Amino acid sequence: MGRREAGSLPQRLIILGPPGAGKGTQAKKLTEVLDVPHIASGDLFRHHRSKGTPLGIKASEYMNNGLLVPDEITTAMVLERIQPPLDMQGYLLDGFPRNMFQAQALDDMAARGRPVDYVILISVPDDELVARLSGRHICGACQASYHIKTAPPSTPGRCDRCGGDLLQREDDRPEAVRVRIRVYNEETHPMLDHYARSGKLVEVDGLGRIDEVAERLLKAMHLGPSVGGP
Ligand code: AMP
């Protein structure tokens, strides 16, 4: 993807959507285009869990069951990465904030530094989310993502990229997926009104090919194809 002069591009963004909407995939593409750090709260928690830190041990019981990790732990972990003056280098927050408490904590922080430019919502219907998540397999070594039907590996159970074992995420089990969608509908979705009122919310249809969704996303932010183009 190409780049334009920094300064004319949005620098501080939030990407939201239900589990399985494709936030991580789109966030990776966008951070390349905008040249800002990708801060994914779920990835930060998984990193802590794999290292066995006290924070990771505490978070894992919530994560495995599809529940939100308590707000104080989550906000401290995320905000320390982007608080002023770090906000000057920009950020793309992926999966944070997920409720009004977290949104308020981010607003309070932004009031001491620079404002958020856009809040992007990727919308996908519930039945499509369940189909996507229940077929998702992740490489235990390099984290590459596959889908048993729509993006299978060449050899079943093996990562094409590094040969690692493919695993199902604990929270992609059907019971946990149902909880995650319920938590999203009850806690995260109501928070969207807050961003709609601020005039920063842009909604993008998350159905279709990855590059189609990426194009919609750039358009929604009034960025032409030259920004994300080949
Ligand atoms: P994700 O990869 O974004 O689906 O996040 C995986 C899990 O990490 C979630 O199901 C939660 O248990 C936890 N998590 C990630 N982000 C947050 C957040 N903003 N607030 C609370 N828990 C979170």
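No experiment lies behind these values; they were computed from the predicted model shown. Order of appearance sets the numbers: ligands from 1, and atoms from 1 within every ligand.
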Practice prompt. Please go through Ile210's hydrophobic cluster and name the other residues, only I, L, V, M, F, W, Y counting, with side-chain heavy atoms under 4.5 Å joining them.
Written response: none
Worksheet item: Is it true that the side chains of Arg169 and Asn64 contain a donor and an acceptor less than 3.5 Å apart?
Response: no
Worksheet item: Under a strict 4.0 Å criterion on non-hydrogen atoms, which protein residues are in contact with ligand 1?
Response: Ser41, Gly42, Phe45, Arg46, Met63, Leu67, Leu68, Val69, Thr74, Gly95, Phe96, Arg98, Gln102, Arg169, Asp171, Arg180
Worksheet item: Taking NZ, NE, NH1 and NH2 as the nitrogens, is one of them in Glu170 or Arg173 under 4.0 Å from a carboxylate oxygen of the other?
Response: yes
Worksheet entry | Beyond-backbone contact of Asn185 with Arg182, side-chain heavy atoms, under 4.5 angstrom | no
Worksheet item: Are any non-hydrogen side-chain atoms of Leu16 and Met191 less than 4.5 angstrom apart?
Response: yes
Practice prompt. Look at the rings of Tyr184 and His189 and say which category their plane angle falls in: under 30° parallel, 30 to 60° tilted, over 60° perpendicular.
Written response: perpendicular
